[in-house]
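Here, residue 1 is the first one in the sequence, and each next residue gets the next number. These values consider heavy atoms only, across backbone and side chains, with no hydrogens, waters or symmetry-generated copies.
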Amino acid sequence: MIFKSCDLLELSDKNLLEFRASENVYELPLCVHLEKISFKFAEELSSAVVFEFIKDEKLVGKEELDFKGEICFQISKEISKIRIYLADKRAFRILDFKVWYRKYKGLLVSITDDGIGVRLMNMMVSWYLAGIAGYKFGFVWNPKINPCGTDDLRDNLNKYKYNILLPQIENEEYIFSQSFIKEHSYTKVIARERKHLARGISLEKLQQLPFAGAFGWSYQDSGMQIQGVGQDYLLELPKIYSQIPFSPRITEVINQAKTLAKDFGGGGGFYLLTLKRWRCSL
């Protein structure tokens, strides 16, 4: 599952269940973006259990599962109701249930494999877009660098057999604090794919999920590629940068740079930090 436990809310109120005795069907009215469900039943069941997922009175998904003590599965659906019944239409009783659903509309994830300077710019722009479009900010940090990040260059490397030695980016644990990684990193569960890439689209479209069941959007540019966002977003980037919790190692280096800057008579108002593994100025 892509979403972390901190991204989900849990519901287990049996009073919400509505039983239709004439059909032997339970209904759970719930207008949420569902991610996971768990059901326990009061007796052994000889028939498969059917779950129907309804959105605006239309069937948007259906699962038919054999009973094995407890039924628990993941499903990413925006719903308004769940219907539960047995395949053989017999009566049954639900002993307990839990459903987990999204706290947020979805994620907007910074994901690029360029050098560290572009990555940090991409992270700040993604953070800004997440805020104005109603998503939670996340990031993916792959230590491997993609040279230039274009399909053309990759094709040329294969065609002409160029022999290029690329530096490695330090992993996310080296760059960022553990609490930041725990809350915002989706490195292990989200891959770079075109189907959820936000580029050259309007802000209005960005505010909607790209397709049903999508976790949200990914963003891989260091500049603004969303139509309808004014240039004043640039004024917000320094504020966002100041909120990035770097690791103690990187924070110590930044603080040393600030101290040294005072020796130049600038009053500490300016400092330059270059990460030599791959060019980056902060």
Side-chain angles (χ1 to χ4, degrees), residues 1-8 33-36 61 73-78 100-131 133-158 164 166-201 205-226 244 277-278 280:
M1 183 166 61
I2 287 178
F3 289 91
K4 304 171 182 286
S5 58
C6 62
D7 297 331
L8 303 176
H33 202 129
L34 195 64
E35 289 296 326
K36 182 180 177 182
F73 61 97
Q74 298 173 17
I75 180 165
S76 189
K77 294 282 185 187
E78 191 173 0
W100 292 264
Y101 58 96
R102 298 184 189 183
K103 282 183 184 178
Y104 330 95
K105 176 169 53 180
L107 308 173
L108 196 149
V109 178
S110 161
I111 179 168
T112 187
D113 48 10
D114 210 313
I116 194 169
V118 172
R119 291 183 188 217
L120 290 176
M121 280 296 297
N122 169 250
M123 180 176 284
M124 289 185 283
V125 175
S126 300
W127 194 323
Y128 176 81
L129 287 172
Y135 294 95
K136 178 190 175 184
F137 164 75
F139 71 94
V140 171
W141 193 272
N142 185 350
K144 294 182 180 179
I145 292 179
N146 172 9
C148 191
T150 67
D151 292 334
D152 289 340
L153 182 53
R154 278 192 290 268
D155 292 341
N156 286 335
L157 288 173
N158 294 329
I164 296 178
L166 292 171
Q168 284 290 100
I169 296 290
E170 298 289 359
N171 61 31
E172 61 188 10
E173 288 81 6
Y174 186 94
I175 303 293
F176 304 108
S177 72
Q178 287 301 309
S179 59
F180 186 61
I181 292 170
K182 183 177 180 180
E183 176 75 19
H184 294 284
S185 174
Y186 295 85
T187 300
K188 296 180 180 179
V189 292
I190 294 179
R192 185 172 165 175
E193 297 181 80
R194 288 186 180 275
K195 65 182 180 180
H196 48 66
L197 174 63
R199 174 184 283 165
I201 63 173
K205 184 172 182 180
L206 183 70
Q207 291 169 333
Q208 305 167 13
L209 291 175
F211 53 89
F215 68 82
W217 294 92
S218 62
Y219 193 77
Q220 64 182 52
D221 294 291
S222 57
M224 183 55 65
Q225 297 294 330
I226 302 300
I244 299 176
R277 276 299 185 92
W278 194 252
C280 170

Just how far is it from atom CG of Asn171 to atom CG of Asn142, taken to the nearest 0.5 Å?
-> 10.5 Å
First locate atom OG of Ser222, then atom CG of Leu120, and finally report the distance between them rounded to the nearest 0.5 Å.
-> 11.0 Å
Kindly give the heavy-atom pair with the smallest separation between Trp141 and Ile169, and that separation in Å.
-> NE1-CG2, 3.6 Å
For Leu108 and Leu129, work out which heavy atoms get closest and say how close.
-> CD1-CB, 4.0 Å
Rounded to the nearest 0.5 Å, what separation is found between the CZ atom of Phe139 and the CD1 atom of Ile190?
-> 11.0 Å
What distance do His184 atom NE2 and Ser110 atom OG have between them, rounded to the nearest 0.5 Å?
-> 12.0 Å
Any His33 side-chain heavy atom under 4.5 Å of Phe3 side chain | no
Just checking, any donor-acceptor pair under 3.5 angstrom between side chains of Arg102 and Ser76?
-> yes
Is there a donor-acceptor pair closer than 3.5 Å between any side-chain N or O of Arg199 and the backbone N or O of Arg194?
-> no
With side chains defined as the heavy atoms from C-beta onward, is the minimum distance between Tyr135 and Leu209 less than 4.5 Å?
-> yes
Do Met124 and Ile244 have side chains that get closer than 4.5 Å, going by heavy atoms?
-> yes
Of all heavy-atom pairs between Leu8 and Lys103, which one has the smallest distance, and what is that distance?
-> O-CE, 3.7 Å
Distance in Å, Thr187 OG1 paired with Ile111 CD1, rounded so as to fall on 0.5 Å steps | 8.5 Å
State which residue, out of Phe215, Tyr219, Trp217, fulfils the ring pair (Phe, Tyr, Trp, His ring centres under 6.0 Å) condition with His196.
-> Phe215
Examine distances only and state if a side-chain atom of Lys105 and a backbone atom of Ala133 form a donor-acceptor pair shorter than 3.5 Å.
-> yes
NZ/Lys4: more than 12 non-hydrogen atoms of other groups inside 6.0 Å | yes
Can a salt bridge be assigned to the pair Lys136 and Glu183 using a cut-off of 4.0 Å between side-chain N and carboxylate O?
-> yes
Decide side-chain contact (heavy atoms from CB on, under 4.5 Å) for Asp114 and Asn122; before the verdict, give the C-alpha distance in whole Å, the side-chain angles of both, and the deciding distance to 0.1 Å.
-> CA-CA 10 Å; Asp114 210 313; Asn122 169 250; over 6 Å; no
Could you walk me through whether Val140 and Arg192 pass the side-chain contact (heavy atoms from CB on, under 4.5 Å) test, one step at a time?
-> CA-CA 9 Å; Val140 171; Arg192 185 172 165 175; over 6 Å; no
Is the shortest heavy-atom distance from the side chain of Gln178 to the side chain of Glu173 under 4.5 Å?
-> yes
In Å and rounded to the nearest 0.5 Å, what is the CZ to OG distance from Phe137 to Ser126?
-> 6.0 Å
